[in-house]
Amino acid sequence: MSKPIVLQVGPYPDWDQIPLDTDFEVKRLFEASDASAFLAEHGPNVKAIATRGELGADADMIEACPALELISVYGVGYDAVDLEACKARNIQVTNTPDVLTEDVADLGVAMMLCQARGMVGAEAWVRDGSWQDKGLYPLKRRVFGRKAGILGLGRIGFEVGKRLTGFGMDIAYSDIAAKDYASDWTFMEDPLALAAHSDFLFVTLAASEQTRHIVDAKLIEKVGPDGIIINISRASNIDEAALIEALETGKLGAAALDVFEREPALDPRFLKLDNVLVQPHHASGTIETRKAMGQLLRDNLTAHFAGDALLTPVL
Ligand code: 8YV
């Protein structure tokens, strides 16, 4: 029997690529010099798309694949998939929730510690000889016992909160409704009130049109000159221009960001600021988690073509 044809949008590690190539006939879009010509040639035969969270599948790609049945996303976020186009054609979509939750939360907390304690600057202080030449490194702010706000208490936000309890922090969160599993933490319906309360504001919302720029200039100013915003969700949740302006003028103390509007290209102004910690969209980037994500991506493809129930459908 011939293997189902799968359009692959971006590269995967070999431990995923090899089994994907074994089980499916894979057409690698990312290797094509002319993506439109590639889609015109192979699109009509494509039954499934294998993509990554940040790459998704846009309306043009979906339209180029008239026999498309499933989009399997390597990532929990599926905001880059055109869901309306999928609904209109009954195309199913799967993602990789749960398997990455702990690692994403770990990195968010690490970014908070790194920024609050000035670890990047401290490392440079040792390496460039400042410790010997200038003496003691400037004092930084503590994390222990201070106020944390979690904007979006889904799976990842909850794991961030659990870790923060270990630092004796005062934890509050904002979401569409209070969560019964977070009764020890303060629910604040209004994100602005949460921002005003927080020394550290974690942005852990699943991104959508509704959450676009939920962190705007007004909210950023509420976090304030002593506050730190940590974003491990999607860049679209923050008004990036307002964030840069607040970081440049000191209206916001600092930021720690794993995601950017035009990633992997960054607004060059970020790189001139020493109050921003930048990471290369790497919150799920451990060998363990990426292996589990790849397995789940393939398990959803396999289940679909075997006529079995999808493991982690979002549509
Ligand atoms: C990426 C992510 O998918 O889970 C998500 O939503 O954005 C990430 O895990 C990862 O960078 C792999 O491409």
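In listed order, ligands and their atoms are each counted from 1.
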* Indicate yes or no: does R163 engage E102 in a salt bridge with an N to O separation below 4.0 Å. => yes
* To do: Anything under 30° is parallel, anything over 60° is perpendicular, the rest tilted; go ahead and classify F158 against Y181.
  => perpendicular
* Structure fact -> G53 heavy atoms within 4.0 Å reach ligand 1 at atoms 3 (O)
* Charged N to carboxylate O below 4.0 Å: is that the case for D98 and R155? -> yes
* Asked: What residue and heavy atom of the protein are closest to atom 2 (C) of ligand 1, and at what distance?
  -> H281 NE2, 3.5 Å
* Counting heavy atoms only, which of T51, L297, V76 is nearest atom 4 (O) of ligand 1? -> V76
* Above 12 or not: heavy atoms from other molecules or residues under 6.0 Å from NZ of K134? -> no
* Asked: Nearest non-hydrogen atom to atom 10 (C) of ligand 1 belongs to which of R290, R234, E263?
  -> R290
* Of all the atoms in ligand 1, which lie at a distance below 4.0 Å from a heavy atom belonging to L100? -> 4 (O), 9 (O)
* **same_hphob_cluster(V223, M112) at 4.5 Å side-chain heavy-atom cutoff** => no
* Just which atoms of ligand 1 are under 4.0 Å from any heavy atom in S284? -> 8 (C), 9 (O), 10 (C)
* Any luck finding a side-chain donor-acceptor pair between T312 and T94 under 3.5 Å? -> no
* Heavy-atom nearest neighbour of atom 6 (O) of ligand 1 within options A206, P11, G77, A207 -> G77
* Asked: Does ligand 1 have an atom under 4.0 Å from some heavy atom of M293?
  -> yes
* Considering only protein heavy atoms, which is closest to atom 1 (C) of ligand 1, and at what distance to one decimal place? -> E54 OE1, 3.4 Å
* State whether R298 and D23 are salt-bridged, where the test is any N-O pair (Lys NZ or Arg NE/NH1/NH2 against Asp/Glu carboxylate O) under 4.0 Å. => no
* Please write down residue, atom name and distance for the protein heavy atom closest to atom 3 (O) of ligand 1. => Y74 O, 2.8 Å
